[in-house]
Enquirer: 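Handing you a structure now.
Keep in mind it's a predicted model, so treat the numbers as computed, not measured. In what follows, chains are A, B, ... by sequence order, proteins preceding strands, each numbered from 1.
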Amino acid sequence: MSQPKETGITAQKDKDFSEWYTQVVLKAALADYAPVKGFIVLRPYGYAIWESIRDILDKRFKETGHQNGFLPVLIPESLLAREEDHFAGFTPEVFWVTKAGDNEIGERLALRPTSETLAYSMFAKWITSYRDLPLKINFWNTALRAEIKATKPFIRTSEFLWQEGHTVHATKEEAEQEVMMILDIYRQMIEDYIAMPAITGFKTEKEKFVGAEYTTTIEGMMADGKALQMGTSHHLGQNFSKPFEIKYLGKDTHEHFAWQTSWGVSWRLIGALIMVHGDDKGLVLPPKIAPVQVVIVPIFKDKDAQQVKAHASEVEMELKRAGIRSHMDGRDEYTSGWKFNEWEMKGVPLRINIGPRDIEKGQLEFVRRDTKEKSFFDRKKLVDTASMMLDQIQKNLLEKATQMLREKILNPVSYDELRSIVENTGGFARAGWCGRQECEEKIKEETGADIRVIPFEQSEMPAKCIYCGQPSKKVAMFARAY
RNA sequence: GGGGCCGUUGUCUAGCUUGGUAGGAUGCCAGCCUCGGGCGCUGGAGGUCGCCGGUUCGAAUCCGGCCGGCCCCA
């Protein structure tokens, strides 16, 4: 085994996590830095992963009665400012457009940090009757937020790809159901496809979306012990419908303000899956979202190149016909060993090696990306074997990630212990909380951890607040976060 | 918010302290070789030394500003 080349990942995940992460993003060709601070360019391989995630969600959104629309990127200041809390929350990170060519624009225009205000100014025009409700629209677009803090590809960037859903309902109950249904769609997608377990629950008042009545969240835990918010679903109550005058005439012949929700997930999910599943050789993709599920590498000497490649192509075609995303790497300019390393770095879940020996014996060599195990199978059982192994890999990744999450949920019995967990061990510190913002803020100040989520699952609540010792009202998950 | 490090060819870098011809590896191109874990050989192309300004006979090197990247701390 030779020394790792610069083309490969040279940082170790458990020693130098940040460096490792950056190398995976750049070297697996997911993304590159753009010329402007905080912005990245999504490369085809990274975009293909985003397309997988998008397609899965888009299907679910449509199945549950949502339609897609498109909004412009510019929002006039007056509109953005119409809901006070919302404006105050976003204004520090808004990019403003003040000129058109050489001419000053009268009213400055915001590059959307999120589209509630713009969408709702439109919704107000479209909704007049209970018959217009519910209105359920989703937007696949980008949002722009000038990040002052250190940026990290996919995790924190000044522009990010996301979807933002916005719905309008006649009743509070219906809006609240929507909030929960969407959060559950997120949870299923993250668990079943990205193979990551997560904790669902509420954000605290301090951490909720500015302008929302309350925010529900799905929080993940990364390999370095830091938490990552992977998606949020907000109940907006009537906080926006009132300033934007989204009103409808009910069956009762009276006018009512509508109830609203908004929700979103972003390409952060790509960052999350890198951090959770990746290893020292690079990316590890869950089969269900991998752009290439199986890569076939022909191994040949010059004289039998044609024959081996022909066999490899047949394998590729057979897999493709069975609906398995496959790629035969027939490049002559690289050796098979080079290809092995490259595809491992790119996280392709399953590799099939095929050489003259295998052809002779009527077998194929399968190499799993997650466990690196090699095994031989009968050529005739290609599709069954590949499907079975892809299923196993998908399952194994979720199991490993679940195990990791379990290990990273700790139950401190004292504030000192919580502090030690946050500062040394990392992970979620699950603790009682009196519900007062004062304690939440003190803990944040003193340890750097905030309340990531008040889990829906509230069993085994400690009796006392971990900070002040007063009776606890909730069990909360404290952690440092990205 | 505070502190530190860095920017030289596509990539990684040497040179910078002590100013004077930008050197290597890898990648790329051509030709040969041939592949069971990042093969080997020969030749070749590729550089506004991040940008702007200053000092100097002369700046990758010294000084200032800006742009960009990374890390640590709160």
Enquirer: Classify the side-chain pair A:S78/A:E107 by whether it contains a donor and acceptor separated by less than 3.5 Å.
Expert: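 Judged by distance alone, the side chains do pair up.
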Enquirer: Could you tell me whether the phosphate oxygens of B:C39, OP1 or OP2, come under 4.0 Å of any side-chain nitrogen or oxygen in A:T335?
Expert: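 True: A:T335 side-chain N/O within range (under 4.0 Å) of B:C39 OP1/OP2.
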Enquirer: Salt-bridge test for A:E342 and A:R331: reply yes if a basic N is under 4.0 Å from a carboxylate O, no otherwise.
Expert: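 A:R331 and A:E342: salt-bridged.
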Enquirer: Considering every strand and a 4.0 Å limit on heavy-atom distances, what is the contact class for A:G448: base, sugar-phosphate, or nothing?
Expert: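 Nothing: the residue A:G448, judged by heavy atoms under 4.0 Å, touches no strand.
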Enquirer: Name the residue closer to the 5' end of RNA chain B, choosing between A:K372 and A:K303 according to the nucleotide with the nearest heavy atom.
Expert: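 Upstream on the strand: A:K303.
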Enquirer: Quickly, which of A:I454, A:I409, A:T217 forms a side chain to side chain contact (heavy atoms under 4.5 Å, CB included) with A:I199? Name it, please.
Expert: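 It is A:I409, the one option of A:I454, A:I409, A:T217 that forms the side chain to side chain contact (heavy atoms under 4.5 Å, CB included) with A:I199.
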Enquirer: Looking at residues at least two apart in the chain, or sitting in another chain, which of them share a side-chain hydrogen bond (donor to acceptor under 3.5 Å, both in side chains) with A:D279?
Expert: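 Partners of A:D279 by the side-chain hydrogen bond (donor to acceptor under 3.5 Å, both in side chains) criterion, ordered by chain and then number, come out as A:R369, A:K372.
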Enquirer: Would the A:F39 and A:Y33 ring centres measure less than 6.0 Å apart?
Expert: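 Judged by ring-centre distance (under 6.0 Å), A:F39 and A:Y33 do not meet the cut-off.
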Enquirer: Any Lys/Arg nitrogen of A:E316 or A:K320 sitting under 4.0 Å from an Asp/Glu carboxylate oxygen of the other?
Expert: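 Looking at A:E316 and A:K320, the cut-off is met.
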Enquirer: For A:R331, answer base if it contacts any base atom (sugar-phosphate contacts may also be present), sugar-phosphate if it contacts only those atoms, and nothing otherwise; contact means non-hydrogen atoms under 4.0 Å.
Expert: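 Here A:R331 touches no strand at all.
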Enquirer: Pick the C1' atom in B:C62 and in B:A74, then give their distance to the nearest Å.
Expert: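 To the nearest whole Å, 36 Å.
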Enquirer: Which atoms of nucleotides 65-70 of chain B (N or O only) lie under 3.5 Å from a protein N or O atom, and what are those distances?
Expert:
| unit_1 | atom_1 | unit_2 | atom_2 | d |
| --- | --- | --- | --- | --- |
| B:G68 | OP1 | A:K37 | N | 3.3 |
| B:G69 | OP1 | A:G38 | N | 2.9 |
| B:G69 | O3' | A:Y33 | OH | 3.4 |
| B:C70 | OP1 | A:Y33 | OH | 2.7 |

Enquirer: Could you tell me how far B:G20 sits from B:A25 if I compare only their C1' atoms? Round to whole Å.
Expert: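 About 27 Å, rounded to a whole number of Å.
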Enquirer: Tell me which nucleotide among B:G36, B:C28, B:G38 gets nearest to the side chain of A:I299.
Expert: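 Taking heavy atoms from C-beta onward, the closest nucleotide is B:G36.
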Enquirer: Should B:A25 form a Watson-Crick or G-U wobble pair with both distances under 3.5 Å, which nucleotide is its partner?
Expert: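 Partner of B:A25: B:U11.
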Enquirer: Using the P atoms only, state how far B:A60 lies from B:G23, rounded to an integer number of Å.
Expert: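 Looking at atom P only, B:G23 and B:A60 are 14 Å apart.
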Enquirer: Measure distances between side-chain N and O atoms of A:E365 and base N and O atoms of B:G36, and say whether any donor-acceptor pair falls under 3.5 Å.
Expert: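 Between B:G36 and A:E365, which were checked side chain against base, a qualifying N/O pair under 3.5 Å is present.
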Enquirer: Any donor-acceptor pair under 3.5 Å joining the side chain of A:K339 to the base of B:G36?
Expert: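 No such pair is found, so the answer is no.
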Enquirer: Thinking salt bridges, do A:D450 and A:K444 make one under a 4.0 Å N-O criterion?
Expert: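 Result for this pair is yes, salt bridge flagged.
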Enquirer: How would you label the contact of A:E445 with the nucleic acid (heavy atoms, under 4.0 Å): base, sugar-phosphate, or nothing?
Expert: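 It contacts sugar-phosphate atoms only.
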